[in-house]
Number of protein chains: 4
Amino acid sequence: MRPSPPRRPLVALPTDASARAKGRPRNAATDRAILDATRAALADLGWGGLTMGQVAVRAGVAKTTVYRRWPSKNELVVDAVADLFDDLEMADLGSLRADVEAVVHRFAALLSRPETQAALLALFAEGTRDPLLRRRIREAIVDPQKRLVRQGRTNAQARGELPPDQDEAAAREEVDLIFDTIAGAVEHRILVSGQPASESWVRRFTTLLLAPLSGLPPTPEQARPEQAGHRQA
Amino acid sequence: MRPSPPRRPLVALPTDASARAKGRPRNAATDRAILDATRAALADLGWGGLTMGQVAVRAGVAKTTVYRRWPSKNELVVDAVADLFDDLEMADLGSLRADVEAVVHRFAALLSRPETQAALLALFAEGTRDPLLRRRIREAIVDPQKRLVRQGRTNAQARGELPPDQDEAAAREEVDLIFDTIAGAVEHRILVSGQPASESWVRRFTTLLLAPLSGLPPTPEQARPEQAGHRQA
Amino acid sequence: MRPSPPRRPLVALPTDASARAKGRPRNAATDRAILDATRAALADLGWGGLTMGQVAVRAGVAKTTVYRRWPSKNELVVDAVADLFDDLEMADLGSLRADVEAVVHRFAALLSRPETQAALLALFAEGTRDPLLRRRIREAIVDPQKRLVRQGRTNAQARGELPPDQDEAAAREEVDLIFDTIAGAVEHRILVSGQPASESWVRRFTTLLLAPLSGLPPTPEQARPEQAGHRQA
Amino acid sequence: MRPSPPRRPLVALPTDASARAKGRPRNAATDRAILDATRAALADLGWGGLTMGQVAVRAGVAKTTVYRRWPSKNELVVDAVADLFDDLEMADLGSLRADVEAVVHRFAALLSRPETQAALLALFAEGTRDPLLRRRIREAIVDPQKRLVRQGRTNAQARGELPPDQDEAAAREEVDLIFDTIAGAVEHRILVSGQPASESWVRRFTTLLLAPLSGLPPTPEQARPEQAGHRQA
DNA sequence: GGATAAGCGAGACGGTACGTCTGGTCTTAGT
DNA sequence: ACTAAGACCAGACGTACCGTCTCGCTTATCC
């Protein structure tokens with residue numbers, strides 16, 4: 001759960017624990033209720049149908065109380081959705097391929113939830129116009145996922161499947177590339193093409209991703225029709 | 001430009017040239033004016049700021065006239081944006097790598113236009129809830145791009161860079177995978193991460209895509225720190 | 001009923017009967033419904049409880065429709081209340097005293113209606129700050145009453161009870177004085193002191209008003225305890 | 001300044017000097033600050049613009065503090081305005097006419113102050129619906145003025161200009177009539193008609209009021225155009 | 001060439017949500 | 001007990017668009 005600082009939810013919050021806030025303190029349970037209501041409303045009504053008033057009603061709270069904590073629908077949804085992404089974790093299953101497949105599956109599962117579907121692209125679309133929102137999205141939603149890529153990399157390096165980083169900047173670019181490719185492909189597959197990230201699709205996609213790692217074709221049982229000597233266009 | 005049938009712009013349009021419409025015919029220039037106004041408004045105001053009323057005003061046309069031709073903002077924007085994608089073409093530059101890089105560049109250029117940025121993700125987001133809209137998006141925007149992948153494949157097969165298709169279904173799955181990967185990665189890079197698809201990024205991404213094609217490392221100048229010696233391991 | 005011109009309800013309305021209004025014409029019945037709803041709401045809820053939303057609901061009309069015709073509560077109430085004053089008429093009962101008593105009674109009756117009570121003073125209070133509103137109140141509500149004084153005067157002059165006007169300006173000042181005195185006294189009696197304008201009170205008040213007309217005491221049956229023998233002292 | 005009882009400013013205030021209040025005593029200066037702030041805000045913003053919050057801010061005091069002392073805007077304004085009326089006093093200038101003119105002038109001067117204008121009619125309007133408020137207005141504002149009429153009467157009786165009261169009830173009715181007439185006429189002149197109570201107007205109005213006292217026309221220099229034998233309609 | 005029919009512009013209309021404001025109550029900490 | 005500060009609920013505010021409708025007018029084809 002994103003914290004909900006007294007006045008400026010977007011900036012760094014020193015919250016000088018010493019400086020006790022004046023006046024009546026905010027009800028912490030209200031934050032949870034609002035975020036839950038937001039997710040429920042998103043799943044029910046979609047992005048377009050989501051209104052601050054609806055959220056307030058569902059949370060059993062006055063509209064002003066919602067606005068006091070989140071200045072707009074965008075910020076609110078960022079936080080509501082970010083919660084969903086907090087659960088993502090990198091598995092360490094003993095091989096890079098297994099780890100990648102696992103994370104792709106988890107990401108796909110997340111994108112299949114109605115509240116995520118309703119919110120994610122709409123949020124990205126808004127972020128396109130509003131740099132502040134984009135930054136917030138990045139911090140709350142995108143970067144935590146990027147962390148997974150980094151961690152998977154580190155794990156693989158520890159196992160000797162990948163060489164250690166030599167150039168810091170190059171490593172970062174590599175992570176960005178891998179990340180954009182994974183996230184973009186899965187999102188496009190599920191949200192735009194509207195097809196599920198099936199077992200087989202995930203296997204093929206992982207094969208594509210890992211191809212640079214070996215001059216050899218992947219192990220036979222994963223390589224299906226497309227593998228015969230040439231893999232793709 | 002999408003044609004604009006008298007009543008049902010979404011379904012097949014017989015337009016039995018024989019059955020001449022009764023009453024006063026529609027002004028064809030109005031279609032163009034509306035679509036242009038839509039794109040301009042998108043670039044200026046973004047998806048959220050775009051309203052049918054604004055479009056009408058900018059097109060110098062009555063609101064009813066817009067509604068008569070497009071039943072809603074969604075449909076209107078699909079058509080307005082689809083026009084932009086009509087220009088995409090597959091180059092035939094003599095090598096698969098060159099062709100891929102070229103098409104990625106063109107796609108990236110398209111996604112950098114303000115009207116595309118404002119519209120594309122928002123449209124996809126709406127499509128998430130409305131299957132009809134999703135189908136329409138697919139037909140008008142996504143599939144034409146998929147065609148590029150198919151064509152690039154065919155070209156490469158003609159050159160001998162790729163083997164001929166053996167299994168129809170497998171080939172289709174292959175195309176889908178490649179397409180989702182390219183489209184998703186570029187969209188994510190530009191629209192979500194907010195970074196340009198630089199020369200270098202495109203090169204590295206293409207290398208990733210084409211890796212399965214060879215047990216050999218890519219040409220030296222593209223091979224940078226991150227893979228040195230490990231591609232073949 | 002105050003007319004309700006298409007856009008500027010406050011200014012003179014040429015309404016070049018020739019220049020047919022563009023667009024869909026307003027529904028005339030809606031004007032009536034709104035004004036009726038306003039009076040009903042005033043009587044039920046008082047000035048403070050009256051909201052544009054309530055009026056709209058009671059009139060079975062959208063809030064925007066109310067705002068389209070009257071820009072604010074003030075203007076709306078002016079018109080709604082003005083209707084009530086349209087009924088006031090000067091009787092011609094054969095004597096100035098009878099005429100005055102009749103008009104005072106009618107005015108008092110008007111001020112006893114709940115909708116008038118709720119509205120009149122509140123309206124005057126607002127007029128205190130807003131010169132435009134004051135002018136509008138004067139035109140729609142106050143002046144029509146002043147007309148009664150003038151007409152009563154004319155009638156009395158015709159009967160020979162009053163001498164003809166000699167000085168125009170003086171006559172106007174005289175009318176103003178009489179009018180402010182009558183209106184003010186009745187309003188204060190009913191609305192501030194909260195006591196009814198009883199038969200007896202009206203008689204005594206009329207006596208006070210007409211005293212300057214004669215050096216003689218008023219007719220005996222009206223002269224009651226409070227003046228017996230002392231008027232002439 | 002109205003005293004400010006610990007809890008119930010509306011009811012009788014025993015303030016048993018013996019019964020010392022528990023806890024921290026109220027700051028008496030705060031009462032003054034709040035009432036001053038109320039008058040200032042009234043003059044600046046008018047009745048409609050006046051809010052408890054505004055008053056609190058201007059008085060440099062917490063909203064709760066205001067509410068603790070005055071349960072609502074109405075009560076607060078009654079007290080704030082009542083202060084203004086405390087200054088009214090009956091002069092004793094040697095003749096009834098002079099006394100009446102003097103008191104009318106003072107009353108008119110009071111009604112010309114912005115804070116009075118903003119408050120008085122609005123208060124009366126509210127009183128129309130709320131009997132408790134009406135009573136409070138009467139006690140705090142209206143009755144003190146009525147006292148002036150009584151006192152003027154007594155003075156005039158002492159001088160022999162008026163006969164002594166014979167019937168208690170009749171005298172009271174007489175006072176009420178005179179009072180409603182004076183107060184009403186001046187209020188209407190200034191607040192509704194929006195014209196000043198000029199020297200000349202006051203003279204003519206006084207003449208009207210005093211006419212019953214003599215069968216003779218008033219002294220020549222006061223009797224202006226309108227006096228020639230007949231005074232008015 | 002007059003009937004018929006649709007296109008078109010203008011604006012009324014009933015709705016819904018907006019984001020803000022105020023009122024009045026409450027809940028804290030500090031005096 | 002009191003003040004100051006601010007959270008909180010409730011609900012009105014006036015505005016913006018929505019998508020539909022009702023007009024008067026125009027512009028075509030068809031009989």
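Just the heavy atoms: all of them, side chains too, but no hydrogens, waters or symmetry mates, feed the values below. First the proteins, then the strands, lettered A, B, ... as listed; each starts at 1.
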Completion exercise
Taken to the nearest whole Å, CD/B/Glu75 to P/F/dG19 is 10 Å
Problem - Closest-nucleotide 5' rank along DNA chain F - winner of B/Thr51 and C/Lys73 - result: C/Lys73
Handout entry: Separation of B/Arg129 CZ from B/Arg134 CZ (nearest 0.5 Å)
Key = 11.5 Å
Problem - Qualifying residues under side chain to side chain contact (heavy atoms under 4.5 Å, CB included), relative to A/Thr51, sequence neighbours excluded - result: A/Gln54
Handout entry: Listed nucleotide nearest any side-chain atom of A/Met52, set E/dG24, E/dC13, E/dG19
Key = E/dG19
Practice task
Could you state the atom-to-atom distance from NZ of A/Lys22 to P of E/dC26 in whole Å?
Solution key: 23 Å
Exercise for the section: With sequence neighbours left out, write down each residue that passes side chain to side chain contact (heavy atoms under 4.5 Å, CB included) with B/Ala118, or none if nothing qualifies. Expected result: B/Leu42
Exercise for the section: Please state whether the phosphate of F/dT20, meaning OP1 or OP2, lies under 4.0 angstrom from any side-chain nitrogen or oxygen of B/Arg68. Expected result: no
Exercise for the section: In whole angstrom, give the distance that lies between atom CD1 of D/Ile34 and atom P of F/dA4. Expected result: 9 Å
Fill in the blank from the handout: Of C/Ser72 and B/Gly53, the one whose closest nucleotide on DNA chain F sits nearer the 5' end is C/Ser72
Fill in the blank from the handout: Sequence neighbours excluded, the answer for salt bridge (charged side-chain N to carboxylate O under 4.0 Å, His left out) partners of A/Glu115 is A/Arg113
Handout entry: Atom-to-atom span, OH of C/Tyr67 to C1' of E/dC18 - whole angstrom
Key = 14 Å
Problem - Qualifying salt bridge (Lys or Arg N to Asp or Glu O under 4.0 Å) pairs with a residue from residues 46-62 of chain D, counting only residues at least two apart or across chains - result: D/Asp44-D/Arg58
Practice task
Among B/Arg39, B/Arg32, B/Arg136, B/Lys73, find the one that has a salt bridge (Lys or Arg N to Asp or Glu O under 4.0 Å) with B/Asp79.
Solution key: B/Arg136
Exercise for the section: Please work out which residues in residues 54-66 of chain B have a non-hydrogen atom less than 4.0 Å from an atom of DNA chain F and list them by number. Expected result: B/Lys63, B/Thr64
Practice task
Could you tell me which residues satisfy side chain to side chain contact (heavy atoms under 4.5 Å, CB included) with D/Thr30, sequence neighbours excluded, listed by chain and number?
Solution key: D/Asn27, D/Ile34, D/Val61, D/Thr65, D/Arg69
Problem - Gap between atoms CG and C1', on D/Leu45 and E/dC21 respectively (whole Å) - result: 14 Å
Problem - A/Arg26 vs F/dA5: side-chain N/O to OP1/OP2 distance below 4.0 Å - result: no
Problem - C/Arg24 side chain near E/dC13 phosphate (N/O to OP1/OP2, under 4.0 Å) - result: no
